[in-house]
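FYI, side chains are in, hydrogens and waters are out, and symmetry mates aren't considered; it's all heavy atoms of this structure. Reminder, nothing fancy here: chain letters follow the sequence lines and each chain counts from 1.
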Amino acid sequence: MIRVRDPHPWPTTEAEAVAIQERLRPLVRFDGEPREIRTAAGLDVAYRDESDELVAAVTVLDVATLSVVDSAVVRGKAEFPYVPGLFAFREAPSLLQALAELSVEPDVLVCDGQGLAHPRRFGLACHLGVLTDVPSIGVGKTAMGHYEPPGEERGAWTPLRLDDEVVGRALRTQRGVKPVFVSVGHRFTLDAACDLVLRLAPKYRLPETTRTADHLGRSALR
DNA sequence: GCGACAG
DNA sequence: ATCTTGTCGC
């Protein structure tokens, strides 16, 4: 099962949160996962009203069949206000609880947000990856950085740049739809991350991992 | 000073 | 994130 390796005290101020990110950032590992990726977890959080009550949902999919083999739902509250760049401090506590409830340990965490494509190179995917030591990637719906539009065909991509540095890719998962923004979280390569996202998104813009987690969270909110 | 800013 | 009708496409 998944264990949280380095439970740090949760910050109260933005300055504390930034300090935690800078302390944990060196722990990110960039080597790829040598094992075959058979299962992938989707993580998502649904909110009631503008914020406050939330539901963290995790689904584990068999990558070959895209069927859900495990899931967990945790009701909680936002532990931090929404601040771009400090997103993990809002959602990570409930997501970590949900991950701890899984009976199947996934081979990778597919996070709804960024990994290295982050002002301090430590987005939600990096944070969850380092805390659990489970390989992770970030798949965002909005870019943090600049990119040229990739070709229209499925699988086309362009580099995503932030501060004159390549931090991820804009990846077209379906023709005629806006690309998704893929970045590495922990113990995963960018090439493998994009391959995985394309396998997880055969029909829709977003990977099935995030879609199933999103559906699960929304239904639990009612 | 003004705009931008993961979910 | 969430509030929301109709509409286009498979």
Spacing of A/Met144 atom CE relative to B/dA4 atom C1', expressed in whole Å: 10 Å
Tell me: CZ of A/Phe181 to C1' of B/dA6, nearest whole Å? 11 Å
Using whole Å, what does the distance between atom P of nucleotide B/dG3 and atom NE2 of A/His146 come to? 17 Å
How close or far is atom P of B/dA6 from atom CG of A/Leu206, stated in whole angstroms? 16 Å
Rounding to a whole Å, what distance do you find between A/Leu124:CG and B/dG7:C1'? 9 Å
Look at the rings of A/His127 and A/Trp10 and say which category their plane angle falls in: under 30° parallel, 30 to 60° tilted, over 60° perpendicular. tilted
Heavy-atom pair with the smallest gap, counting every atom of A/Asp62 and A/Ala64: OD1-N, 2.8 Å
Reading DNA chain C from 5' to 3', where do the contacts with chain A start and stop? Cut-off is 4.0 Å to heavy atoms. C/dA1 to C/dT2
Could you spell out the base pairing of DNA chain C in dot-bracket, with Watson-Crick or G-U pairs whose two distances are under 3.5 Å, [ ] crossing and | to another strand? ..........
On DNA chain C, check which nucleotide each of A/Glu91 and A/Lys203 is closest to and give me the residue with the more 5' one. A/Glu91
Applying a 4.0 Å non-hydrogen cut-off, can you work out what A/Gly85 is touching in the nucleic acid: base, sugar-phosphate, or nothing? base
Does A/Arg199 use its side chain to pair, donor to acceptor, with the backbone of A/Val63 at less than 3.5 Å? no
Under a 4.0 Å threshold between the charged nitrogen and the carboxylate oxygen, would A/Glu208 count as salt-bridged to A/Lys203? no
Side-chain N or O of A/Thr142 closer than 4.0 Å to phosphate OP1/OP2 of B/dC5: no
Take a 6.0 Å sphere around CZ of A/Arg161 and say whether it holds more than 12 heavy atoms from other residues, nucleotides or ligands. no
Nearest whole Å is fine: how far is B/dA6 P from A/Leu128 CG? 18 Å
Student check: side-chain heavy atoms of A/Pro119 and A/Met144 closer than 4.5 Å: yes
Rounded to the nearest angstrom, tell me the gap between atom NZ in A/Lys141 and atom P in B/dG7. 5 Å
Quick one: is A/Tyr82 getting a side-chain N or O under 4.0 Å of the B/dA6 phosphate, OP1 or OP2? yes
